[in-house]
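By convention in this document, chain letters (A, B, ...) are assigned in the order of the sequence lines, proteins followed by strands, and residues within each chain are numbered from 1. Bear in mind that the values here come from a model prediction, so they are computed numbers and not experimental data.
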Amino acid sequence: MENREIAAQFDKMADLLEFQGANPFRVRAYRNGSRRLQDLPDSIESLVTQGEDLTKLDGIGKDLAEKITQLVKTGTLQQLDELLEQVPESVLALLRIPGLGPKKAAVIYKELGIESLADLRTACQEHKVRELKGFGAKTEEGILAGIDLAERAGERIYWATADEVVQRLREYLSESKAVKQLEVAGSYRRGRETVGDLDFLVDATDTAAVMDHFGAFSDVTDTIARGDTKMSVRLASGLQVDLRVVPTKSFGAALQYFTGSKEHNVVLRGMAKDRGLKINEWGVFRVAEGEEDEYLAGKTEADVYKQMDLPCYPPELRENRGEFDYKKAKDIPKLIELDDLVGDLHMHTTASDGKQTIREMVAAAQERELRYIAITDHSKRVTMAGGLDSDRLRTQWDEVDRVNDELDDFLVLKGIECDILEKGGMDLPDDVLAEADWVIASVHYGQNQERQQITDRIIGALENPWVSVVAHPTGRLINKRERYAVDLEAVMQAAVENGKLLELNANPARLDLDDVHCSRAKQLGIPIVINSDAHSIGGLDVLRFGIKQARRAGLTAKDVANTRDWAKLKKLIRRG
DNA sequence: GCCGTTTTCGGCCCGACTGTTTTCAGTCG
């Protein structure tokens, strides 16, 4: 059983317990446990099999350890089954309605016997909800409006999509003269692969002017809330955007606070408490009985952390995944930046399903100040994309030779994205692969195979003497397609044993490997290659999304292979 | 449910906003 499957069971436990009005800290313990498992690079199942003591994991105590073991061994969780007898799973859909939390949802379920969004809609239309204690006409209207949102699932959007909105809104807000400082906080700032909503933070004195301006943004369809310091709107796309207005002396504290993550902040504020301090969005304060809190810091984020004798962590690391072990600025790894990349080793041309020629891709890469690229069209198995057979591939490589002859200070590598066949083995013969500079092995077919079968296929590719790297090793498409059932730990071990690399595919829908697994690869010393997988000139611009993910994994330039010149990169790979 | 060189019990981050409340509970981030 995969870590994320066990995590999902814990999340469900948390939802159901919360619905029942259980101790909120007990609920949190399950959520923390879920998160711990999702962030864990090792397979929890193998830890159980090896008889490891799971309670050594932070946030996993005796009880959760037993539940994990039970899930691994039996595939089910007795306590969860019992809870589901008391509360039908379908009511959890009610919790997805904005403004409807566990308490109100429980009342609706108990008093009106409602178990689905459809039931709830009817009840609202019949004005039954407003009759309940603690409810009113406004609440009922809000719920009705929220049902549509809940049915649309409220899916998190790609970071890249959020970034487009951020750029436009940032520019728009900057037009207001009342705005002195402007930042975007939240999961966007931490560079998470998906973003649920946007948190804009403004330093201004004339709050009303900023809020009026914000509300007049052309994409705004609804104002959800507006108070003295906080305003929330919904855009036509359904995306919620929050705006906080704070004074200069609180800007850093608010930025720290709203950047999160929640888990990071819980730890930080716990530390403050131990010191008799309090951290909130207004600053760091000394708390004294019977006296007014004394403001200590808050102008910049660095000031806030300095009060705790901590360095100012890069936002990408603020997930409570070990960043607090870095006590000094010099302890923090120097995270990779876009400028560190000097090559891109995965892209397509008109020879298969790309939109541009080799020369056009070269020109575009040069504009982006890269020093080399690999042309890696599909192999013949990918018929729909016009994949190349041996003859066409060799013809393309002749073309690459001619292009290279025309170039100074730029190198085009002879590459191929060669399919790993369903039955195992590579789509092109070894003698052809041996002639390539760079061979990507990829799974495109048979993605639904059983764990053992697909794992064996990928390991087989890593054992091929001419393969350089495995691309998008899990095959997931964020919000669209689950990853293969592949045993990634086994794949990584095979990469180590065979001296191969793994890809971090920078396409915003892929970002594959993800941050947790990139971090694991780093632990194992497997160099990561950040590639665009571009199918057009514009496709080269996705590299920055890969960089975000790499930073979240704590990768430095050294951990990423294509920060090196080709001559040095080549030495990282065992071929032949 | 987790955690602990002050604790094995009693804590567990903190504040804004809304609606239905006459003083606060629920929700959200």
Side-chain angles (χ1 to χ4, degrees), chain A residues 10 13-14 17-19 21-36 54-68 79 94-108 129-143 146 154 185-190 195-201 207 211 223-233 240-246 250 253-254 256-275 277-285 287 293 304 308 320:
Chain A
F10 282 178
M13 282 287 298
L17 286 170
E18 190 168 37
F19 195 82
N23 177 348
F25 297 106
R26 187 174 163 219
V27 173
R28 194 165 92 183
Y30 278 99
R31 296 238 159 85
N32 283 344
S34 160
R35 194 166 144 114
R36 190 71 186 85
L54 301 181
T55 61
K56 280 186 198 152
L57 297 169
D58 209 21
I60 306 291
K62 188 162 165 285
D63 190 89
L64 289 188
E66 275 171 16
K67 289 195 166 67
I68 291 169
Q79 199 178 348
L94 306 183
L95 296 175
R96 291 207 304 270
I97 298 171
L100 196 60
K103 294 280 177 4
K104 283 201 156 73
V107 170
I108 287 174
V129 172
R130 65 176 63 179
E131 305 297 329
L132 297 169
K133 186 170 163 53
F135 291 66
K138 283 252 187 166
T139 308
E140 189 179 79
E141 284 163 22
I143 289 172
S187 54
Y188 169 81
R189 183 159 182 251
R190 301 200 311 280
V195 173
D197 60 16
L198 293 176
D199 303 291
F200 274 75
L201 185 66
T207 305
M211 287 188 174
T223 298
I224 301 166
R226 177 169 170 167
D228 293 340
T229 65
K230 183 190 166 183
M231 177 166 168
S232 296
V233 301
Q240 181 177 330
V241 186
D242 295 344
L243 175 76
R244 291 274 182 158
V245 187
V246 297
S250 297
Q256 194 289 318
Y257 188 102
F258 292 115
T259 296
S261 63
K262 195 172 162 185
E263 290 77 8
H264 176 91
N265 284 353
V266 165
V267 173
L268 187 70
R269 278 194 278 288
M271 289 179 177
K273 204 165 186 178
D274 291 343
R275 294 179 173 213
L277 305 179
K278 181 176 73 177
I279 302 180
N280 58 29
E281 64 261 59
W282 304 105
V284 184
F285 300 87
V287 188
D293 297 339
V304 172
M308 305 304 302
N320 189 28

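- A gap of 10 Å separates the C1' atoms of B/dA25 and B/dT20, to the nearest Å.
- When each of A/Asp242 and A/Thr139 is assigned the nucleotide of DNA chain B bearing its nearest heavy atom, the one mapping closer to the 5' terminus is A/Thr139.
- Proximity of A/Trp282 to the phosphate of B/dA16: a side-chain N or O atom is located under 4.0 Å from OP1 or OP2.
- In this structure, A/Lys133 reaches neither bases nor backbone, as no heavy-atom distance under 4.0 Å exists between it and the strands shown.
- Checking B/dC13, B/dG1, B/dG29 against every side-chain atom of A/Arg28, the shortest atom distance belongs to B/dC13.
- In this structure, A/Lys262 does not reach the B/dC14 phosphate: none of its side-chain N or O atoms is under 4.0 Å from OP1 or OP2.
- Comparing B/dG11 with B/dT6, their C1' atoms are spaced 14 Å from each other, to the whole Å.
- One atom, CG of A/Leu100, and another, C1' of B/dA25, lie 14 Å apart when rounded to the nearest Å.
- Ionic pairing of A/Glu18 and A/Arg31 is present here: one or more N-O contacts between side-chain nitrogen and carboxylate oxygen are shorter than 4.0 angstrom.
- To the nearest whole angstrom, the two C1' atoms, one in B/dG19 and one in B/dT23, are 13 Å apart.
- Under a 3.5 Å cut-off, the side chain of A/Glu281 and the backbone N or O of A/Tyr257 do not form any donor-acceptor pair.
- Considering every non-hydrogen atom in both A/Leu64 and A/Gly59, the closest pair reads CD1-O, 3.8 Å.
- Donor-acceptor pairing under 3.5 Å is recorded for the side chains of A/Asn265 and A/Gln256.
- The side chain of A/Ser232 contributes no N or O atom lying less than 4.0 Å from OP1 or OP2 of B/dC17.
- Comparing B/dA16, B/dC12, B/dC14 by their nearest atom to the side chain of A/Lys230 picks out B/dA16.
- No side-chain donor-acceptor contact under 3.5 Å links A/Arg269 to the backbone of A/Asn280.
- The shortest distance between side-chain heavy atoms of A/Phe25 and A/Asn32 does not fall below 4.5 Å.
- Between A/Gly186 and A/Asp199, the closest heavy-atom pair is CA-OD2, 3.4 Å.
- Of all nucleotides listed (B/dG29, B/dT27, B/dG19), B/dT27 comes nearest to the side chain of A/Lys104.
- Using C1' as the reference atom, B/dC2 and B/dT8 are 12 Å apart when rounded to the nearest Å.
- Regarding contacts with the backbone of B/dG1, a side-chain N or O of A/Arg26 is found under 4.0 angstrom from either OP1 or OP2.
- Nucleic acid contact class of A/Ala137 (heavy atoms, under 4.0 Å, all strands): sugar-phosphate only.
- To the nearest angstrom, C1' of B/dA16 lies 14 Å from CG of A/Leu201.
- In this structure B/dC14 sits in a base pair with B/dG29, meeting the Watson-Crick or G-U test at under 3.5 Å.
- Listed candidates were B/dG15, B/dG1, B/dC17. Nearest to the side chain of A/Ala225 is B/dC17.
- A/Lys104 forms a cation-pi arrangement with A/Phe135, by the criterion of a distance under 6.0 Å to the ring centre and an angle within 45° of the ring axis.
- Straight-line distance from the CD atom of A/Glu263 to the P atom of B/dG29: 14 Å, rounded to whole Å.
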Heavy-atom contacts, protein to nucleotides 2-10 of chain B, under 4.0 Å, summarised as B (base), S (sugar-phosphate only) or - (none) per nt, yield SS-------
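- For the pair A/Leu277/A/Met308, a side-chain contact is recorded, criterion being any heavy-atom separation below 4.5 Å from C-beta on.
- The shortest distance between the side-chain N/O atoms of A/Asn265 and the OP1/OP2 oxygens of B/dC13 is not below 4.0 Å.
- Atom name C1', nucleotides B/dC12 and B/dC17: the rounded distance is 24 Å, in whole Å.
- When heavy atoms are screened at a 4.0 angstrom cut-off, A/Pro102 is found touching the sugar-phosphate backbone but no base atom.
- Between B/dT18, B/dG15, B/dC12, one nucleotide has an atom nearer to the side chain of A/Glu281 than all others, and that is B/dG15.
- Of the candidate nucleotides B/dG19, B/dG1, B/dT27, B/dG1 has the atom lying nearest to any side-chain atom of A/Tyr30.
- Nearest-nucleotide mapping onto DNA chain B: of A/Gly270 and A/Phe135, the residue sitting toward the 5' end is A/Gly270.
- To the nearest angstrom, C1' of B/dG1 lies 16 Å from CZ of A/Arg36.
- If you measure from atom CZ of A/Phe25 to atom C1' of B/dG11, you get 8 Å, rounded to the nearest angstrom.
- Heavy atoms from other residues, nucleotides or ligands lying under 6.0 Å from CG of A/Asn23 number more than 12.
- Put simply, CD1 on A/Ile97 is 20 Å from P on B/dT18, counting in whole angstrom units.
- Residue contacts shown for A/Asn23 include a base, since a base heavy atom lies under 4.0 Å away.
- As rounded to the nearest Å, B/dT27 and B/dT21 have C1' atoms that lie 15 Å from one another.
- Between the CZ atom of A/Arg190 and the C1' atom of B/dG29 there is a distance of 11 Å, rounded to whole Å.
- The residue A/Lys103 sits close only to the backbone: its heavy atoms come under 4.0 Å of sugar-phosphate atoms, none of a base.
- For A/Tyr257 and B/dG29, a side-chain-to-base donor-acceptor distance below 3.5 Å is present, hydrogens and geometry of angles not being considered.
- Separating the CZ atom of A/Arg244 from the P atom of B/dC14 is a distance of 16 Å, rounded to the nearest angstrom.
- Nearest nucleotide to the A/Lys273 side chain, out of B/dC12, B/dG1, B/dC17: B/dC12.
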